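Heads up: the structure comes next, in structure tokens.
We name chains A, B, ... by the order of the sequence lines, and we start the count at 1 in each one. Fair warning: this is a prediction, and the values are worked out from it, not measured in the lab.
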Protein chains: 2
Amino acid sequence: MNQVRVYRQQLGLSQTALAQQINVARQTINLIEHDKYNPSLALCLALAWALGTDLNTLFWQAPPA
Amino acid sequence: MNQVRVYRQQLGLSQTALAQQINVARQTINLIEHDKYNPSLALCLALAWALGTDLNTLFWQAPPA
DNA sequence: CCTTTTTGTCATATATATTTGACAATTTTA
DNA sequence: TAAAATTGTCAAATATATATGACAAAAAGG
């Protein structure tokens, strides 16, 4: 469960607005927020920059036991 | 410039050993170390786990100005 | 030195991330 | 309560991450 939606909403951005800001399709944002797939590092960085945060905050998860 | 090579060598692992540990091809490790492409988030996490570190430490970069 | 291991790299194949367009469902706002 | 905006989702097309096999160059170890 990543934190993209939380940070996006704190900035009052729609999925569309965020997508345009970082030049990806809206569906890409939607799928990422639902953990439906596996974004690239470049996209993770773009999201962190746009949302004023960092990789760990948005995407970190503890290793499987 | 990511920190994968630095952390891998600190653990005394070859590219092959690291690749086997996280079930990817050795070439994938090599290319990532040379910033030749854009790994997936799942792979970034697997690398962080295997190298005992985190996403920011391995992959963070400041936003373009 | 010679041998073994490690690394750099190429070319081809496959899996999957991402795009595009579209429409229904839900939520927000007037 | 109706209109507008936002979100969920589908199917098809395209771009690209990743795998596989292979070989030469370089580095490490005996």
Does B:R26 make a side-chain donor-acceptor contact with the base of C:dG8, cut-off 3.5 Å?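 When only heavy-atom distances are counted, B:R26 does reach the base of C:dG8 through a donor-acceptor pair under 3.5 Å.
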Rounding to an integer number of Å, can you tell me how far [X] [atom1] sits from [N] [atom2]?
| X | N | atom1 | atom2 | value |
| --- | --- | --- | --- | --- |
| B:I32 | C:dT7 | CD1 | C1' | 15 Å |
| B:H34 | C:dC10 | NE2 | P | 12 Å |
| A:D35 | C:dA17 | CG | P | 12 Å |
| A:L41 | C:dT18 | CG | C1' | 16 Å |
| B:Q20 | D:dT18 | CD | P | 18 Å |
| B:I29 | C:dT9 | CD1 | C1' | 16 Å |

I'd like to check [X] versus [Y] (side-chain heavy atoms, cut-off strictly below 4.5 Å). Are they in contact?
| X | Y | value |
| --- | --- | --- |
| A:Q61 | B:W49 | yes |
| A:Y37 | B:L41 | no |
| B:L18 | B:L11 | no |
| A:L47 | A:I32 | yes |

With 3.5 Å as the limit, what N/O pairs link the protein to nucleotides 26-30 of chain C?
none

Where along residues 6-18 of chain B does a heavy atom come under 4.0 Å from DNA chain D, residue by residue in number order?
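Under 4.0 Å from DNA chain D: no residue of residues 6-18 of chain B.
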At what distance, to the nearest 0.5 angstrom, does [atom1] of [X] lie from [atom2] of [Y]?
| X | Y | atom1 | atom2 | result |
| --- | --- | --- | --- | --- |
| B:Q10 | B:Q3 | CD | CD | 9.0 Å |
| B:R5 | B:H34 | CZ | NE2 | 4.5 Å |
| A:I22 | A:L43 | CD1 | CG | 5.5 Å |

Looking only at side-chain N and O atoms, does B:N30 come under 4.0 Å of OP1 or OP2 in C:dT7?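 So the side-chain polar atoms of B:N30 never come under 4.0 Å of the phosphate oxygens OP1 or OP2 of C:dT7.
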Counting heavy atoms from C-beta on, name the nucleotide in D:dA17, C:dT19, C:dT7 closest to the side chain of B:R5.
->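 Side chain of B:R5 sits closest to C:dT7.
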Just compare D:dT18, C:dT19, D:dA17 and give me whichever is closest to any side-chain atom of B:N38.
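That would be D:dA17.
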| message | Within the 4.0 Å heavy-atom criterion, would you say A:L31 contacts the bases, only the backbone, or no part of the nucleic acid? | response |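 Result for A:L31 = nothing.
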ask   = Which is true for B:S40 with a 4.0 Å heavy-atom rule: it touches a base, it touches only sugar-phosphate, or it touches nothing?
value =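 B:S40: backbone/sugar contact only, no base atoms under 4.0 Å.
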Item to check | Test item: B:N38 side-chain N/O and A:S40 main-chain N/O as donor-acceptor pair under 3.5 Å | outcome: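 Not at all, since once roles are kept as given, no pair shorter than 3.5 Å links the two residues.
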Donor-acceptor pair, side chain of B:R8 and main chain of B:L13, under 3.5 angstrom: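 Looks like yes, one N/O pair under 3.5 Å.
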In terms of the nearest nucleotide of DNA chain D, which residue is placed more toward the 5' end: B:K36 or B:Q27?
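First, find each residue's nearest nucleotide; the 5'-ward one identifies B:K36.
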